[in-house]
Undergrad: 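Pasting in a structure now, in structure tokens, and then I'll have a few things to ask.
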Amino acid sequence: MKNYPYTATRVKAMESLLLSREDYIKMRKMGLNEMIRFLEEREYKREIDLLSAEHRGMELINLALNQNLSNTINKLIEISTKESQVLIQDYSMKWVINNIKILLRTDEWGLAKSAIVPVAPTTYKYCINLLLAKKEKKDEFIKQVCRIAGLKENFRNLYESSDIISMENELDKSYYLRLLGIYRTLESGILKNFYRFLVELTDIRNIIKLKSMNVPDETIKNLVTTNSGFVGTLVKSDMENSIKLIKESKYSSFADGVEDDLSNLENNIEKYLLQYSFKLMRLKPLSIAPIFGYLLAKEIEIRNLRLLINSTAVGLEDEFVEKNLIVG
């Protein structure tokens with residue numbers, strides 16, 4: 001694997017600004033406005049200050065988190081070498097895909113903006129224009145979505161039949177096929193293993209989710225991206241046997257508490273990815289691995305902050321927060 005000394009050194013400095021376990025403990029005792037002030041004194045100051053002239057409270061902090069994540073991704077791309085730029089851009093397509101999903105589900109920019117992470121090419125300006133095209137120039141909207149996501153013409157048929165679920169599945173599949181392409185270009189090592197796990201774990205999570213919705217096996221089969229025997233067996237099994245198979249596999253820890261609450265599967269996978277990010281950040285300091293480790297850790301930090309802020313705003317119980325907060 002090639003060395004990336006300049007980028008790795010910059011990322012090391014960015015890593016030092018990530019919130020700690022102690023920071024999360026402090027925030028759990030705060031009200032919403034206290035949380036905003038706390039974050040304004042840290043890495044989120046730039047975004048909060050810029051947005052505070054027009055926004056307040058929940059709207060302010062959610063927009064600031066989205067913008068901070070986007071700024072982080074853009075900064076990583078800016079300070080990276082050409083090879084690592086491509087890898088970061090391909091991984092970051094997950095937010096581009098999610099932005100497109102948001103625009104598929106709403107015609108209102110006010111609703112869309114609060115959820116969009118403005119990662120290029122889906123900047124706020126681009127998304128506004130895409131939403132206008134959706135309302136006034138359907139062919140242009142479909143053309144742009146297919147171009148960005150690398151979709152085929154069958155997406156047009158799904159759009160014209162208003163099949164939102166199938167459209168979202170096509171978008172997801174396009175992204176994870178992209179990740180598989182990255183996986184095949186990487187040399188052996190922990191980063192390559194990360195991509196292999198990421199794609200397979202996503203398939204496992206989606207299979208369980210779709211089975212809980214009683215989606216037919218044949219439909220699920222067409223949506224998975226890996227061709228592993230384990231994933232194939234899961235597709236053919238009913239929900240009870242699928243969970244049993246996971247418990248008996250190398251992914252057994254992900255099934256903890258799934259019988260009680262299916263969301264535990266996703267939480268367990270997120271916790272695993274956090275642990276993996278710490279491994280990546282500490283592996284070969286001058287390689288590309290710490291760059292991806294930081295990006296993963298930042299992504300989970302944003303998730304944690306949304307959990308804390310939203311739970312405070314709606315008064316969720318501490319037990320729920322404790323269960324879903326992911327810290328190292």
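Side-chain atoms are counted along with the backbone in the values below, which use heavy atoms only and exclude waters and symmetry mates.
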Undergrad: Give a yes or no on whether a salt bridge exists between Glu34 and Lys29, defined as a side-chain N under 4.0 angstrom from a carboxylate O.
TA: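 No.
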Undergrad: Take atom CD of Glu160 as the centre, draw a 6.0 Å sphere, and report whether it contains more than 12 heavy atoms from other residues, nucleotides or ligands.
TA: yes
Undergrad: Mark yes when over 12 heavy atoms from residues, nucleotides or ligands other than Lys236 sit less than 6.0 Å from its NZ; otherwise mark no.
TA: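 No, NZ of Lys236 has 12 or fewer neighbouring heavy atoms, counting only those of other groups under 6.0 Å.
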Undergrad: So with a 6.0 Å cut-off around NZ of Lys125, is the heavy-atom count from everything else above 12?
TA: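 Counting other residues, nucleotides and ligands, NZ of Lys125 stays at 12 neighbours or fewer.
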Undergrad: Under a 4.5 Å cut-off applied to non-hydrogen side-chain atoms, are Asn206 and Val224 in contact?
TA: no
Undergrad: Phe230 versus Leu245: any side-chain heavy-atom pair under 4.5 Å?
TA: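 Touching, per the 4.5 Å side-chain cut-off.
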Undergrad: So, Glu200 and Ser228: side-chain donor and acceptor under 3.5 Å apart, yes or no?
TA: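 Yes.
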Undergrad: Got a donor-acceptor contact below 3.5 angstrom from the Asn99 side chain to the Trp95 backbone?
TA: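 Such a contact is found between Asn99 side chain and Trp95 backbone.
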Undergrad: Donor-acceptor pair, Arg42 side chain versus Phe38 backbone, under 3.5 Å?
TA: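 Judged by distance alone, yes, a pair lies under 3.5 Å.
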Undergrad: Count the heavy atoms belonging to other residues, nucleotides or ligands that lie under 6.0 Å from CD of Glu248, then report whether that count exceeds 12.
TA: yes
Undergrad: Determine the minimum heavy-atom distance between Asn68 and Lys298, stating which atoms define it.
TA: OD1-NZ, 2.8 Å
Undergrad: Whether the side chain of Ser174 engages the backbone of Ala149 through a donor-acceptor N/O pair (distance < 3.5 Å, no angle test) should be reported.
TA: yes
Undergrad: Test of understanding: clusters of I, L, V, M, F, W, Y form through side-chain heavy atoms closer than 4.5 Å, transitively. Do Tyr91 and Leu177 belong to the same one?
TA: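 Shared cluster, yes.
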Undergrad: Under a 4.5 Å cut-off applied to non-hydrogen side-chain atoms, are Thr225 and Tyr175 in contact?
TA: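 No, every pair of side-chain atoms sits at 4.5 Å or beyond.
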Undergrad: Do the side chains of Ile61 and Leu50 join up, straight or via other hydrophobic residues, at under 4.5 Å, putting them in one cluster?
TA: no
Undergrad: Give a yes or no on whether Leu171 and Ile164 share a hydrophobic cluster (residues Ile, Leu, Val, Met, Phe, Trp, Tyr; joining criterion: side-chain heavy atoms under 4.5 Å apart).
TA: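 Result: yes, single cluster for both.
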Undergrad: So, do Gln67 and Arg46 sit near enough that their side-chain heavy atoms are less than 4.5 Å apart?
TA: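 Not touching, per the 4.5 Å side-chain cut-off.
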Undergrad: How close do Ala120 and Val96 get, counting heavy atoms only, and between which atoms?
TA: O-CG2, 3.7 Å
Undergrad: Can Lys173 and Asn222 be said to form a side chain to side chain donor-acceptor pair (under 3.5 Å), step by step?
TA: CA-CA 9 Å; Lys173 190 168 183 178; Asn222 291 330; over 6 Å; no
Undergrad: Rounded at 0.5 Å granularity, tell me how far CD1 in Ile208 sits from CG in Asp203.
TA: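 So the gap between those two atoms works out to 11.5 Å.
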Undergrad: Do Gln85 and Gln89 meet the criterion of a side-chain donor-acceptor pair at a distance under 3.5 Å?
TA: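 Note: Gln85 and Gln89 side chains miss the donor-acceptor criterion.
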Undergrad: Determine yes or no for a side-chain-to-main-chain donor-acceptor pair under 3.5 angstrom, with Lys45 supplying the side chain and Leu39 the backbone.
TA: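 No, because the side chain of Lys45 does not come within donor-acceptor range (under 3.5 Å) of the backbone of Leu39.
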Undergrad: Would you compute the distance between atom CG of Leu51 and atom CG of Asn62 and round it to the nearest 0.5 angstrom?
TA: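 One gets 11.0 Å once the value is rounded to the nearest 0.5 Å.
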Undergrad: Do Ile25 and Leu17 share a hydrophobic cluster, counting only Ile, Leu, Val, Met, Phe, Trp and Tyr and linking them when any side-chain heavy atoms are less than 4.5 Å apart?
TA: no
Undergrad: So does Ile326 get a backbone contact from the side chain of Lys271, meaning a donor-acceptor N/O pair under 3.5 Å?
TA: no
Undergrad: Check this for me: Lys209, atom NZ, are more than 12 non-hydrogen atoms of other residues, nucleotides or ligands nearer than 6.0 Å?
TA: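 12 or below, so no.
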Undergrad: Evaluate the side-chain proximity of Phe292 to Tyr195: yes if any heavy-atom separation is below 4.5 Å, no if none is.
TA: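 In contact.
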Undergrad: Walk me through it: do Lys134 and Asp107 pass the test salt bridge (charged side-chain N to carboxylate O under 4.0 Å, His left out)?
TA: CA-CA 8 Å; Lys134 180 186 174 187; Asp107 293 327; 3.0 Å; yes
Undergrad: Working to the nearest 0.5 angstrom, can you tell me the gap between Tyr24 OH and Leu19 CG?
TA: 5.0 Å
Undergrad: Check this for me: does any side-chain nitrogen of one of Glu168 and Arg105 sit under 4.0 Å from a carboxylate oxygen of the other?
TA: yes
Undergrad: Do you know the tightest heavy-atom contact between Ile116 and Leu103?
TA: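 That would be CD1-CD2, 4.1 Å.
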Undergrad: Do Ser52 side-chain atoms and Ile48 backbone N/O form a donor-acceptor pair below 3.5 Å?
TA: yes
Undergrad: Does a donor on one side chain sit under 3.5 Å from an acceptor on the other, for Asn66 and Lys113?
TA: no
Undergrad: Can you tell me how far the CE atom of Met14 sits from the CD1 atom of Ile79, to the nearest 0.5 Å?
TA: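 Spacing of CE (Met14) from CD1 (Ile79) equals 5.5 Å.
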Undergrad: Ignoring hydrogens and angles, tell me if any N or O in the side chain of Thr312 forms a donor-acceptor pair with the backbone of Leu308 under 3.5 Å.
TA: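 Yes, Thr312 side chain to Leu308 backbone: donor-acceptor pair under 3.5 Å.
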Undergrad: Measure across Ile204 and Leu265 and return the closest heavy-atom pair with its distance rounded to 0.1 Å.
TA: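 Scanning both residues completely, I find the closest heavy atoms to be O-CD2, 4.4 Å.
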Undergrad: Measure the spacing between CE of Met239 and NZ of Lys211 and express it to the nearest 0.5 Å.
TA: 7.5 Å
Undergrad: I'd like to check Phe141 versus Leu104 (side-chain heavy atoms, cut-off strictly below 4.5 Å). Are they in contact?
TA: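 When only atoms from C-beta onward are counted, Leu104 and Phe141 do touch, with a gap below 4.5 Å.
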Undergrad: Would you mind reporting whether Tyr159 and Lys138 have side-chain heavy atoms less than 4.5 Å apart?
TA: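 Side chain of Lys138 against side chain of Tyr159, heavy atoms only: contact under 4.5 Å found.
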Undergrad: Testing the basics here: between Ile220 and Val215, what is the closest heavy-atom pair and its distance to 0.1 Å?
TA: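 Between these two residues, the closest heavy atoms are CD1-O, 3.5 Å.
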Undergrad: Do Asp256 and Asn268 get their side chains close enough for a donor-acceptor pair, meaning under 3.5 Å?
TA: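 Asn268 and Asp256 do not have a side-chain donor-acceptor pair below 3.5 Å.
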Undergrad: If I take atom NZ from residue Lys75 and atom OG from residue Ser70, how far apart are they, to the nearest 0.5 angstrom?
TA: 13.5 Å
Undergrad: Do you see a donor-acceptor pair shorter than 3.5 Å between the side chains of Ser20 and Asp23?
TA: yes
Undergrad: Could you tell me whether the side chains of Glu47 and Asn71 share a donor-acceptor contact shorter than 3.5 Å?
TA: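 Yes - a donor-acceptor pair under 3.5 Å links their side chains.
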Undergrad: Could you check whether Tyr272 and Tyr251 have their ring centres less than 6.0 Å apart?
TA: no
Undergrad: Tell me whether Leu63 is reachable from Ile128 by hopping between hydrophobic residues (I, L, V, M, F, W, Y) whose side-chain heavy atoms are closer than 4.5 Å.
TA: yes
Undergrad: Tell me, with the steps shown, if Val327 and Leu325 meet side-chain contact (heavy atoms from CB on, under 4.5 Å).
TA: CA-CA 6 Å; Val327 293; Leu325 193 66; 4.1 Å; yes
Undergrad: Output, in order, the C-alpha distance, side-chain angles, deciding distance and verdict of side-chain contact (heavy atoms from CB on, under 4.5 Å) for Ile73 and Leu76.
TA: CA-CA 5 Å; Ile73 293 164; Leu76 285 175; 5.7 Å; no
Undergrad: Closest approach of Val119 and Ser92, non-hydrogen atoms and distance?
TA: CG1-O, 4.2 Å
Undergrad: Do Thr72 and Tyr294 have side chains that get closer than 4.5 Å, going by heavy atoms?
TA: yes
